[in-house]
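Note sheet for the following structure.
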Amino acid sequence: MARQRGLEIVREYSDVISGAKSKRPGLDQLMADARRHRFDVVLVAAFDRIARNVRHFLEVLDELNHLNIQFISLRESVDTGGPLGRALLTIIGAIAELERSLIVERVKAGMRRAKLEGRRIGRTPLQVDRTALLRDRQRGLSLNQLARAHKISKASVCRVLHEAKAPVSIGSVPNVSTSVANQELAPLKMTA
């Protein structure tokens with residue numbers, strides 16, 4: 001498409017992160033190269049590849065406009081060379097944001113419905129014999145050995161061990177031996 005328009009491709013920028021995020025490596029690199037005036041035109045397959053949030057999208061377009069870089073979207077056949085193209089982009093950007101909001105709402109509604117129907121949402125709980133894991137830890141096994149023996153991750157081992165620790169309240173001393181606890185304390189005299 002770029003060659004059909006008589007444009008030479010300087011570089012292709014891509015991201016694997018959602019367009020809903022304003023900080024993305026590919027977009028950040030594109031904007032850094034734009035500030036260095038490494039190209040004159042940004043050509044995208046669809047403008048929602050740049051951003052799904054109208055405010056962020058318009059900020060990107062505004063910066064490109066200040067840098068005298070033209071923005072062209074192939075799917076929408078929009079060219080920001082004139083005021084009509086910029087107005088159309090604003091309207092289409094608002095529609096893209098609405099579309100994303102509707103998708104989010106549908107997903108949330110589906111999750112609520114599944115929860116009401118008693119279906120599990122998310123990952124199934126970790127199935128591990130906690131007492132056996134704690135017993136193995138007391139025998140002196142390392143975290144890596146515990147993870148291999150119980151076929152779970154090292155992070156899961158740490159979480160089980162952390163959950164097993166008894167909470168310590170403020171002002172008390174944990175694990176006070178009975179011999180010390182039963183001793184009577186002699187009154188102390190302060191000498192000056």
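Only heavy atoms go into these numbers, but all of them, side chains included; no hydrogens, no water, no symmetry mates. What you see is a predicted model, and the numbers here were worked out from it, not measured in a lab.
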Could you grab the distance from atom [atom1] of [X] to atom [atom2] of [Y], nearest 0.5 Å is fine?
X      : Y      : atom1 : atom2 : answer
Glu163 : Arg159 : CD    : CZ    : 7.0 Å
Ile95  : Ile91  : CD1   : CD1   : 7.5 Å
His56  : Leu61  : NE2   : CG    : 10.0 Å
Asp33  : Ile69  : CG    : CD1   : 9.5 Å
Gln29  : Met31  : CD    : CE    : 11.5 Å
Arg35  : Glu63  : CZ    : CD    : 4.0 Å

Do any pairs count as a side chain to side chain donor-acceptor pair (under 3.5 Å) and have a residue in residues 121-135, sequence neighbours left out, and if so which ones? Asp129-Thr131
Please check if the number of heavy atoms outside Glu117 that lie under 6.0 Å from its CD is greater than 12. yes
Assess whether atom CG of Asp40 is packed by more than 12 heavy atoms of other residues, nucleotides or ligands within 6.0 Å. no
Would you mind listing the cluster partners of Leu143? Hydrophobic ones only (ILVMFWY), side-chain contacts under 4.5 Å, chaining allowed. Leu126, Val128, Leu133, Leu134, Leu141, Leu146, Ile152, Val157, Val160, Leu161
If two hydrophobic side chains count as joined below 4.5 Å and joins carry through other members, does Val10 share a cluster with Tyr13? yes
Leu116 with Ile121, same ILVMFWY side-chain cluster at under 4.5 Å: no
Could you tell me if the side chain of [Y] sits less than 4.5 Å from the side chain of [X], heavy atoms only?
X      : Y      : value
Phe39  : Leu30  : yes
Val44  : Phe71  : yes
Arg100 : Leu102 : no

Where is the tightest heavy-atom contact between Ser153 and Ala147, given as atom of each residue plus distance? C-CB, 3.9 Å
Just by modelled atom types, is the Ser142 backbone N or O under 3.5 Å from a matching donor or acceptor in the Gln145 side chain? yes
Who are the side chain to side chain donor-acceptor pair (under 3.5 Å) partners of Glu99, not counting sequence neighbours? none
Do His150 and Asp136 have a side chain donor and acceptor closer than 3.5 Å? yes
